[in-house]
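Report on one structure; see the data block that follows.
When a residue number appears, it is its place in the shown sequence, counting from 1. All values below come from the heavy atoms of this structure, side chains included, with hydrogens, waters and symmetry mates left out.
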Amino acid sequence: MKLVSEMNNKVTRTIMLGNGYLTYELTYKNVKNINLRIKPDGTVHVSANPYVSPEVIERFVASKEEFILNALKKYSDKTYEKPVQRFKDNELYDVITDTCRKVYPHFEKCGVKFPEIKLRKMKSCWGNCRALKGVLTFSTNLVYAPIECIEYVVLHEFTHFLQANHSPRFYAELEKVCPDWKEKKKLLMKIRI
């Protein structure tokens, strides 16, 4: 493995994979497992704990050869378009807070207190509910989502105050306030960042 460039806790590495070379970005962070992510633009990202040796990381990436090559082929077969930003970064908090206030009356009747609303950069999800702390956190990537998708994410996270997991009871509760949640979820899943 050869080190190409290094910046803070990020390192660019290149390994032999398939019939060629694969360059990926390695980020050292406080994680339990080695994580692999391939973005629609074809970039490969790996995160690992700083105590994991480069050799272990290289073996991990090599063990994912088939998955990586298939994903890269899938993305190369499609034209990647950067998503359209629908809101300014500084408008997103107000949009989400207004949506929360709009849907809140239903949840207030169920005994839910109005939560603290936070925004955070999130790579793997659109929102998060910490029911015991009364906090809803939303991804800053929602700037790329149409308002109906933002409403779906808000309703989804509020529903977690009533049902903590994704059980059939959770979806029954979600359906009461968002009967077309499946369509909105499909639309949201088409956004590639």
Side-chain angles (χ1 to χ4, degrees), residues 7-10 25 27-33 35-41 43 45-47 75 78-193:
M7 181 193 320
N8 297 337
N9 61 342
K10 293 185 179 183
E25 181 181 276
T27 304
Y28 289 107
K29 53 170 86 168
N30 188 17
V31 291
K32 290 181 182 177
N33 302 311
N35 302 298
L36 171 71
R37 184 165 184 234
I38 302 169
K39 292 188 177 180
D41 64 0
T43 58
H45 300 266
V46 176
S47 59
Y75 288 134
K78 296 178 182 175
T79 305
Y80 175 70
E81 293 179 25
K82 188 168 173 72
V84 176
Q85 188 166 339
R86 297 167 185 267
F87 306 98
K88 293 179 182 168
D89 292 334
N90 61 353
E91 295 174 328
L92 184 62
Y93 182 82
D94 291 338
V95 169
I96 289 175
T97 303
D98 290 346
T99 306
C100 288
R101 287 192 183 109
K102 180 179 140 190
V103 307
Y104 179 63
H106 170 81
F107 296 94
E108 185 177 27
K109 289 176 195 169
C110 300
V112 175
K113 291 184 179 178
F114 193 83
E116 180 182 352
I117 309 297
K118 294 183 176 183
L119 289 183
R120 184 164 55 91
K121 192 171 185 174
M122 302 165 97
K123 292 183 179 179
S124 58
C125 62
W126 295 103
N128 179 281
C129 174
R130 294 170 69 198
L132 295 177
K133 294 194 173 188
V135 177
L136 293 181
T137 305
F138 297 94
S139 171
T140 53
N141 286 330
L142 284 170
V143 294
Y144 300 107
I147 192 69
E148 62 267 25
C149 289
I150 291 175
E151 187 175 277
Y152 156 71
V153 173
V154 167
L155 288 166
H156 181 110
E157 297 310 329
F158 258 101
T159 302
H160 279 304
F161 284 117
L162 306 177
Q163 294 292 325
N165 54 27
H166 290 112
S167 65
R169 289 169 64 184
F170 169 85
Y171 288 106
E173 286 292 340
L174 180 60
E175 195 132 342
K176 289 178 189 176
V177 290
C178 190
D180 58 347
W181 69 268
K182 289 180 185 175
E183 290 78 22
K184 289 179 178 177
K185 182 179 180 181
K186 280 182 190 172
L187 185 59
L188 189 63
M189 300 317 284
K190 288 180 181 176
I191 299 171
R192 300 277 179 220
I193 298 168

Revision key, fill the gap. With sequence neighbours left out, the residues meeting salt bridge (Lys or Arg N to Asp or Glu O under 4.0 Å) with Lys176 are Glu173

Revision key, fill the gap. Rounded to the nearest 0.5 Å, the CZ atom of Phe161 sits from the CG atom of Leu136 at a distance of 4.0 Å

Check your understanding: Considering only heavy atoms from C-beta outward, does the side chain of Cys100 approach that of Asp98 to under 4.5 Å?
Key -> no

Practice item. Could you tell me whether a side-chain N or O of Thr43 sits under 3.5 Å from a main-chain N or O of Lys39, the two making a donor and an acceptor? Key: no

Check your understanding: Quick one: CD on Gln163 to CG on Asn165, what's the gap to the nearest 0.5 Å?
Key -> 6.5 Å

Point to revise | Polar side-chain atom of Arg86 near backbone of Tyr144 as donor-acceptor pair, under 3.5 Å | key: yes

Check your understanding: Side-chain contact, heavy-atom cut-off 4.5 Å: Leu187 with Glu148?
Key -> yes

Practice item. Give me the ring orientation class for His160 and Phe170: parallel if the planes are under 30° apart, tilted from 30 to 60°, perpendicular past 60°. Key: parallel

**Study point:** Partners passing ring pair (Phe, Tyr, Trp, His ring centres under 6.0 Å) against Tyr152 (at least two apart in sequence or in another chain)
**Key:** His156

Check your understanding: Do the side chains of Trp181 and Thr159 get nearer than 4.5 Å, heavy atoms only?
Key -> no

Point to revise | Backbone of Ser47 reached by a side-chain donor or acceptor of Tyr28 within 3.5 Å | key: no

Review point. Do Phe138 and Asn128 touch side chain to side chain, with heavy atoms closer than 4.5 Å?
Key: no

Point to revise | Sidechain-backbone polar pair: Glu157 side chain, Val154 backbone, donor-acceptor under 3.5 Å | key: no

Review point. Quick one: are Val135 and Ile117 in side-chain contact, heavy atoms under 4.5 Å?
Key: no

**Study point:** Check: Asp89 and Val143 side chains under 4.5 Å, non-hydrogen atoms
**Key:** yes

Practice item. Output all residues satisfying side-chain hydrogen bond (donor to acceptor under 3.5 Å, both in side chains) with Thr97, sequence neighbours left out; order by chain, then residue number. Key: none

Review point. Where is the tightest heavy-atom contact between Asn141 and Met122, given as atom of each residue plus distance?
Key: ND2-O, 3.2 Å

Check your understanding: Is a salt bridge present between Glu151 and Lys184, judged by a nitrogen-to-oxygen distance below 4.0 Å?
Key -> yes

Practice item. Return yes when atom CZ of Arg130 has more than 12 non-hydrogen atoms of other residues, nucleotides or ligands closer than 6.0 Å, and no otherwise. Key: no

